[in-house]
Each structure stands twice: as C-alpha cells, then as structure tokens.
Q: 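Here it is, the structure, as structure tokens.
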Amino acid sequence: MIHATIVDDEPLSCESLATLIEQHCPEVKVLDICYSAAAALQSVQKHKPDILFLDIEMPHMNGFELLEKLPEVNFELIFTTSYDQYAIKAIRFSALEYLLKPVDREELQKAIEKVKRQMQTPLPQQIEILMQKLNQPAIPVSKIAVPTMEGLQMVLVASIVCCASDGNYTNLFIKSGQKITVSRTLKDIEDLLEDYPFVRVHHSYLVNLNEVEKYFKGDGGYLLMSNGTTVDFSRSRREPLLKRLQPNRQ
C-alpha cells in the first residue's frame, strides 16, 4: 500500500482528488489532508507519506516554500496546479511530476504508475534545479534533470552538442562523447531548451548553436558539429537556421 498526503488550501479540490484516488487508485491510501502548508509541515513529519500531492498556489506559504522549510524531502512529489506556465516549466526542468487542476482520472493514474515504477525520493539536485529556476527566473539554470532507463541524470545544458529523435526517446550527444538516451520525445526536449541557444533543424534533430562548426549549404545541406558529427537540416528549416546563425542577416 502506498500512503499519500494531500496539501491544498481548497477543500473542494482536496475532496475531489481524494475521491479520485479512492475510486481509481486502490493501491493508494490517503493518510491526511492538509489545508495549509503550515499544517503540512507537521503532518509530513508525523505520517511520513510515500507521496505528497502538493498544491503550488497557497496563501501565506506556497508549495515551493513548504519544500524549502522541510529538513529533507524523503517522499515522492506530485505537484497539483492550475495552469501556470512558468511554474510548470520549472517543474519540468527538475523532471518532477505534476497534475493540472481539475485533476483528470487518467493523468492521475499515469502519475501513480510512474511513482510505483520509481518509488524513489527526489534527488537533492532536482529540488536544487527547481528552486534555482523559481528563485532566479532571469538566470538560466545550468543543469536539467532528464529521465533515463536507469533513473534520473543531471546534464549540463552547455555540454549538449545535439539531440536526435529515436521514436518516443531522444538521444543527447554530449561533448565528452557520451550518448544519453532520454525517456522523452524530441519535442519535449525542444520545449525544455527553448530559452537556450538550441534550434530544431530537422524533424529528427535539435542542435546547440554554440557547437556548430560549419554550415554546408545545398538541398542536402548539413551542419558539422564540434564533436565531429554531421547533422542534416531540412529545406523548410534552412532560413530560420540561417537567421539564428547570422542574427544581422537581412
């Protein structure tokens, strides 16, 4: 049995989530419901849940501030939030789980399944990346957390030379020569890196512009990357690519 605690200042949201869990996730038992982050501080230490369903937007102390006050995060985290693009992006950088309100039954079950497969507490680096992204929005985070078949890996954004689609997976090619296979689509990685100097040059490739060594023109044009690999670019993406490579180009 997986033990869970729900933290949300909206009673109706708590009741709705608790009912969904009871009806559709029989392997999960709700130990406690807290209507404030302050109450959750005591509850978490008392009940020691396996999962914390944590609302982000709460008065007096929000969900992120609650995490900062806890001596350690020794439980699985599933954030619950109304649509907040910036908060969601911060969560995705750290590879943590989240559910949009109103919580959908299928999305809840998927999140629970992921937790069951992992059953590992968030790494300190994940929380560090999350807080860095939230507290210093103007400063890009240097690392992202990416899920692999072995677990989570922290990757320096600047170390990524290019990314290649592999079905529902993406291969990250690192300056050191390492290849990291990530359990995310190329579109997911592209969205994650949109604030960095990465550009989609082909339906199968995303490249770090800082690692482009040479541009070879022509219908079958390609890029030579710093690690010696070549990356094709499609005709439809040639002009956007050239504009990124030559910002002053008319």
Side-chain angles (χ1 to χ4, degrees), residues 83 85-86 88-98 100 106-107 110-111 113-114 117-118 123 125-126 129-130 133 140-250:
Y83 187 73
Q85 187 175 10
Y86 187 74
I88 289 172
K89 191 160 193 176
I91 294 167
R92 290 176 63 210
F93 263 96
S94 56
L96 294 167
E97 292 295 321
Y98 70 91
L100 289 176
E106 290 186 1
E107 291 302 314
K110 286 179 185 177
E113 281 302 313
K114 285 184 182 178
R117 287 197 301 269
Q118 296 173 184
L123 298 172
Q125 296 98 315
Q126 286 179 271
I129 291 170
L130 174 67
K133 185 66 177 172
V141 296
S142 59
K143 288 183 179 181
I144 56 173
V146 293
T148 68
M149 297 299 288
E150 294 79 27
L152 283 169
Q153 187 159 345
M154 307 301 142
V155 179
L156 278 168
V157 174
S159 73
I160 303 171
V161 176
C162 58
C163 312
S165 174
D166 186 8
N168 290 326
Y169 297 85
T170 300
N171 293 318
L172 306 186
F173 293 90
I174 308 302
K175 289 181 184 180
S176 64
Q178 182 184 12
K179 181 178 80 170
I180 302 172
T181 300
V182 180
S183 308
R184 290 287 185 272
T185 65
L186 185 61
K187 180 63 169 66
D188 291 334
I189 300 300
E190 181 183 16
D191 291 344
L192 200 60
L193 297 174
E194 66 179 357
D195 295 331
Y196 298 83
F198 285 80
V199 63
R200 187 79 168 260
V201 296
H202 188 279
H203 72 272
S204 296
Y205 300 111
L206 180 72
V207 302
N208 183 345
L209 292 174
N210 291 333
E211 300 305 317
V212 175
E213 293 285 340
K214 195 169 183 179
Y215 168 96
F216 290 87
K217 62 184 181 180
D219 287 341
Y222 62 93
L223 300 171
L224 175 65
M225 306 304 295
S226 62
N227 62 352
T229 62
T230 58
V231 175
D232 296 334
F233 58 82
S234 61
R235 181 182 301 178
S236 63
R237 297 179 187 269
R238 178 171 27 185
E239 281 304 312
L241 169 62
L242 285 172
K243 286 180 180 178
R244 294 291 298 275
L245 290 172
Q246 299 173 288
N248 298 323
R249 182 174 180 264
Q250 298 298 321

Q: Quick one: side chain to side chain contact (heavy atoms under 4.5 Å, CB included) partners of Thr230, sequence neighbours excluded?
A: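 Result, side chain to side chain contact (heavy atoms under 4.5 Å, CB included) vs Thr230: Tyr222, Leu224.
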Q: Pair Thr181, Met149 - check side chain to side chain contact (heavy atoms under 4.5 Å, CB included), show working.
A: CA-CA 8 Å; Thr181 300; Met149 297 299 288; 5.7 Å; no
Q: To check you understand the geometry: which heavy-atom pair defines the closest contact between Ser94 and Ala145, and what is its length?
A: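 Shortest heavy-atom contact: O-CB, 3.5 Å.
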Q: If a pair satisfies salt bridge (Lys or Arg N to Asp or Glu O under 4.0 Å) and one of its residues is in residues 193-213, list it, with sequence neighbours excluded.
A: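 Qualifying pairs, neighbours excluded: Lys89-Glu194, Lys89-Asp195, Lys175-Glu211, Glu190-Arg200.
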Q: Side chain to side chain contact (heavy atoms under 4.5 Å, CB included) with Phe173: which residues, sequence neighbours excluded?
A: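 Partners of Phe173 under the side chain to side chain contact (heavy atoms under 4.5 Å, CB included) test: Cys162, Ala164, Asn171, Lys179, Asn227.
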Q: I'd like to check the ring-ring contact (aromatic ring centres under 6.0 Å, His included) partners of Tyr215; sequence neighbours left out, ordered by chain and number.
A: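 Checked Tyr215 against ring-ring contact (aromatic ring centres under 6.0 Å, His included); matches are Phe233.
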Q: Among all residues two or more places apart in sequence or in another chain, which pass the side chain to side chain contact (heavy atoms under 4.5 Å, CB included) test with Ile174?
A: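 Side chain to side chain contact (heavy atoms under 4.5 Å, CB included) list for Ile174, sorted by chain: Val155, Ser159, Ile160, Leu172, Ser176, Gln178, Ile180.
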Q: Hey, is the main chain of Arg184 close enough, under 3.5 Å, to the side chain of Thr170 for a donor-acceptor pair?
A: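 Side chain of Thr170 to backbone of Arg184, a donor-acceptor pair under 3.5 Å: yes, one is there.
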Q: Using side chain to side chain contact (heavy atoms under 4.5 Å, CB included) as the criterion, list what pairs up with Ser236, not counting sequence neighbours.
A: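 Counting only residues at least two positions away or on another chain, Ser236 forms a side chain to side chain contact (heavy atoms under 4.5 Å, CB included) with Ser234.
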Q: Using the side-chain hydrogen bond (donor to acceptor under 3.5 Å, both in side chains) criterion, which residues pair with Asp166? Sequence neighbours excluded.
A: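 Asp166: no side-chain hydrogen bond (donor to acceptor under 3.5 Å, both in side chains) contacts found.
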Q: Taking all non-hydrogen atoms of both residues into account, name the closest pair between Met225 and Val231 and its distance.
A: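 Here Met225 and Val231 meet closest at CG-CG2, 3.8 Å.
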Q: Among all residues two or more places apart in sequence or in another chain, which pass the ring-ring contact (aromatic ring centres under 6.0 Å, His included) test with Phe198?
A: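 Phe198: no ring-ring contact (aromatic ring centres under 6.0 Å, His included) contacts found.
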Q: Residues in side-chain hydrogen bond (donor to acceptor under 3.5 Å, both in side chains) with Thr148, at least two apart?
A: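 Expected list: Glu150.
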Q: Given side chains that start at C-beta, do those of Lys143 and Val141 come closer than 4.5 Å, heavy atoms only?
A: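 SC-SC contact between Lys143 and Val141 ruled out.
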Q: With a 4.5 Å heavy-atom cut-off, do Tyr169 and Ser183 have their side chains touching?
A: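 Of all side-chain heavy-atom pairs linking Ser183 with Tyr169, at least one is under 4.5 Å.
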Q: Of all heavy-atom pairs between Pro197 and Asn210, which one has the smallest distance, and what is that distance?
A: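 Looking at all heavy atoms of both residues, the closest pair is CG-ND2, 3.4 Å.
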Q: Less than 4.5 Å apart, any side-chain heavy atom of Ile129 and any of Ile144?
A: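 Side chain of Ile129 against side chain of Ile144, heavy atoms only: no contact under 4.5 Å found.
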Q: Does the side chain of Leu223 reach to within under 4.5 Å of the side chain of Lys214, using non-hydrogen atoms?
A: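 SC-SC contact between Leu223 and Lys214 ruled out.
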Q: Can you sort out the partners of Asp232 under side-chain hydrogen bond (donor to acceptor under 3.5 Å, both in side chains), two or more places apart, ordered by chain and number?
A: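 For Asp232 there are no side-chain hydrogen bond (donor to acceptor under 3.5 Å, both in side chains) partners, ignoring immediate neighbours.
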Q: Would you say the side chain of Pro240 lies within less than 4.5 Å of the side chain of Val199, judging by non-hydrogen atoms?
A: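 No, side chains not in contact.
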Q: Compare all side-chain heavy atoms of Asn208 with those of Val157 and state whether any distance is below 4.5 angstrom.
A: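 Side-chain contact under 4.5 Å: no.
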Q: Side chain to side chain contact (heavy atoms under 4.5 Å, CB included) with Glu97: which of Glu107, Lys114, Lys110?
A: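 Option passing the side chain to side chain contact (heavy atoms under 4.5 Å, CB included) with Glu97: Lys114.
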Q: Can any side-chain N or O of Ser165 pair as donor or acceptor with the backbone N or O of Ser204 at less than 3.5 Å?
A: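 Judged by distance alone, no pair lies under 3.5 Å.
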Q: With sequence neighbours left out, write down each residue that passes salt bridge (Lys or Arg N to Asp or Glu O under 4.0 Å) with Asp191, or none if nothing qualifies.
A: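 For Asp191 the salt bridge (Lys or Arg N to Asp or Glu O under 4.0 Å) partners, ignoring immediate neighbours, are Lys187.
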